[in-house]
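Right, one structure below, let's go through it.
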There are 2 protein chains.
Amino acid sequence: MTFSSGEERTVPGSPGDVLTLISAGSATTRSDLARVTGLARSTISQRVDALIERGLVRETESGESTGGRPPRQLRLHTADHVVAGVDLGATHCRIKLMDISGAVLTTCEDPMLIAEGPETVLTHVDARIARLLTEAGRDRGALKAIGMGVPGPVEFATGRPNNPPIMPGWNDYPVPEFFAGRYDATVLVDNDVNVMALGEQRDAFENSGYLLFVKVGTGIGCGIVTEGRLHRGAQGSAGDIGHIRVSGHDEAGCRCGNSACLEAVAGGAALARRLTDLGFPAESAGDVVALVQSGNTQALRLVREAGRLIGEVLASLVNFYNPEVIVIGGALARVHDHLLAGIRETIYRRSLPLATHHLTIVPSHTGEDAAALGAGILAIEHYLAPDNINRIVNAGESAGVSA
Amino acid sequence: MTFSSGEERTVPGSPGDVLTLISAGSATTRSDLARVTGLARSTISQRVDALIERGLVRETESGESTGGRPPRQLRLHTADHVVAGVDLGATHCRIKLMDISGAVLTTCEDPMLIAEGPETVLTHVDARIARLLTEAGRDRGALKAIGMGVPGPVEFATGRPNNPPIMPGWNDYPVPEFFAGRYDATVLVDNDVNVMALGEQRDAFENSGYLLFVKVGTGIGCGIVTEGRLHRGAQGSAGDIGHIRVSGHDEAGCRCGNSACLEAVAGGAALARRLTDLGFPAESAGDVVALVQSGNTQALRLVREAGRLIGEVLASLVNFYNPEVIVIGGALARVHDHLLAGIRETIYRRSLPLATHHLTIVPSHTGEDAAALGAGILAIEHYLAPDNINRIVNAGESAGVSA
DNA sequence: GGGCTTCCGCCGACCTCCGAACAAAGTCCG
DNA sequence: CGGACTTTGTTCGGAGGTCGGCGGAAGCCC
């Protein structure tokens, strides 16, 4: 009789799979690749040759000998393959130019109002990317993909924002088409919380199959990574936890028209308003953080209370989704000691023991850069995806290297 | 520039993939298969021959001619391949013997106490399966897989219950091993709500990628189907929504030790207790249903109120998970008119418009049979999975047909 | 320096899949 | 009623990719 065991390891075959292994660092020599994939050494050599010829891989210095001929190390050929990770917020724009190994080449950050509409904003983004390419000494053609996180729901397949509440003029705007004539690059647009979740999972929790990333800023949102892939839901609106009802706050009206929404009682904007009422002027989540850091006890109390309310909602989601890791990010996470205390307290009290037993709850370690980094990773992974690489290799066109 | 488009159709190759198409009815002749897969007719013939030789497929009568030679129809050879779908509840046992096309051959249903422990219960199950096989005139060796739903969390990979609250003696009991000497069949054990969700998705919502199945019986649980696959979470406890807190009921203590759990205010057991207090004796969810059907206005009021409370929790989950379909099942769904009214009302009031716009909320259409059918489908899909079929075909052993 | 080990390219053997040609089994039409 | 046509399914040689052995390359150990 056969037992229901875990998944069988599928034997990867194509050039794209080989590149994935090199990229992940799982195998850096031809022999390694043969061992890991189970393919014959001769087959691997053939594949690697094709990747080298297309300019995707190159040999570096020989490695350490283990008693015999030293293996030749293989690396991604990063010089001619870069991506841009774009983080568009309500009032800022951060861009990171990264090579396909994930290394950040150059960065920029400007104030910018997303409410000025897509043409204005994207023209700005285009100019910044061009400048970053120049600064990094890369050719325009080296830009292979653009990842972008925006503060609202997006139909990921088409890259069009879907009724975003704080992005006037962007509804259904075809963002990828804007870049069509400007770069020969794939453009991927997603919700900012989604790319933050992806980035955090890839950076710090690669082995965790079930991760939630909770962003606590002006509003509150959540990115969901299930078995390594983003969960976007049927309409791409999954993770919108800011308007979940919390008990005992029916007096708090929310901009969405309902009352007692999590965001209306525990979001940065709500906290700022309440602090102002208490005589401590604050306008934004950043002001709240500043008050906490200056030792204001009212601010501290409110943040901890916000943590409890967020924890109440997360306790429900822990029972439902059963995550392995919860990451807390966003502006308010800068005072994570106080925020996390409230969150942890409530989750461990209200969730099932089986679900919390191996649950890890941590602050984001990428901080302010989370969205731009995550957007870059989204772009890199798309570009290096086996299917895409196979297409490039089979197309017979040189991928970047001028002959 | 390349746009971020939907997934490319991968071209299926192996014998297992061919069988999957025949099984799904997507292609019933060799020519069809060639067109659908893109493989050459000669290759398809080769594959089909192998499947016929192994006893997995057979030719039936010729089909309609479309002006040329009439195609020979291919069907799954169901005679020598059957599975059992087992539904173990707290107080009952239902088993359906199904062939691998999904047709139910024979059924049985007995009262049974799961609290009597695994040896007693599984011995009973074994005897029932043997009798069903005899009734259906099938050989013992024809049983290829057993799917089983149990009322508690399970570590699916090993088939061991994981600290189930209402299954004393079952914790960590290796269910598949029990059947090891008795049948040459794979044994798959899962939470009952999970198999119900799977069955409903396959039966009625094949095209829906994001489905929640909510079972409202004695307790309340939820099965999650994401992109066609069950979401079990990190510890296999995902979907345990019965202990999510609902607002305004802090007086209601729950058997889990907390208060205001959904199950403690809206579960069948809780409703029965409150009806008893009101002077209408009721012990189980079934009694509650009977009272509603007899026109008892108190019972009706309580059920509708339960619907609102369940709806409150589901409203949160709709925002978080963004499902396409919510199916309501379990004993209380027999009065679904009243239950659904409350659920729908609350979800549409409290969830985001983007998430509810294309949301469908319906009662289960498989009713009491949901778990047994779902367990059978789980078993069939495992047995017909391409990897498994390839293994059978390549092993060179005849799969069931005595030579 | 010679044996040993490991790495890597080359080449014949093998396997799978393809496509063309052919056989089979029906329809259509004069 | 018979031949042309259409569609289905099989046979067979060839193309392409993978395997594994062989030998050369390049280091370590004694």
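Below, chain A is the first sequence line, B the second, and so on; all start at residue 1.
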Spacing of [X] atom [atom1] relative to [N] atom [atom2], expressed in whole Å:
X	N	atom1	atom2	answer
B/E59	C/dA24	CD	C1'	13 Å
A/I52	C/dG9	CD1	C1'	13 Å
A/Q46	C/dC11	CD	C1'	12 Å
B/R69	D/dT8	CZ	C1'	5 Å
A/L39	C/dG9	CG	C1'	17 Å
B/D32	D/dG9	CG	C1'	13 Å
A/L33	D/dC19	CG	P	13 Å
B/R30	C/dC17	CZ	C1'	17 Å

[X] side chain N/O closer than 4.0 Å to the phosphate oxygens (OP1, OP2) of [N]?
X	N	value
B/S31	D/dG9	yes
A/S42	D/dG20	no
A/S45	C/dG9	yes

If you look at every strand shown and take non-hydrogen atoms under 4.0 Å, does A/R41 touch a base, only sugar-phosphate, or nothing?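 The residue A/R41 makes base contact.
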Which nucleotide, C/dG26, C/dC8, D/dA26, lies nearest any side-chain atom of A/P70?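 Of the options given, the side chain of A/P70 lies nearest D/dA26.
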Side chain of B/R72, heavy atoms from C-beta onward: which of D/dG20, C/dC8, D/dT10 has the nearest atom to it?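 The nucleotide sitting nearest to the side chain is D/dT10.
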A/R229, CZ atom: more than 12 neighbouring heavy atoms under 6.0 Å: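 Incorrect, the count does not exceed 12.
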Do we see a donor-acceptor contact under 3.5 Å between the side chains of B/T158 and B/E155?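 Distance-only check passes for B/T158 and B/E155.
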Could you check whether B/T28 and B/Q73, counting side-chain N and O atoms only, form a donor-acceptor pair closer than 3.5 Å?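 Short answer, yes.
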Answer yes or no: is there a donor N or O on one side and an acceptor on the other, between the side chain of A/D99 and the main chain of A/G102, under 3.5 Å?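 Checked: pair present.
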Would you please classify the geometry between the A/Y183 ring and the A/F179 ring as parallel, tilted or perpendicular, with 30° and 60° separating the classes?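 Judged by the thresholds at 30° and 60°, the geometry between A/F179 and A/Y183 is tilted.
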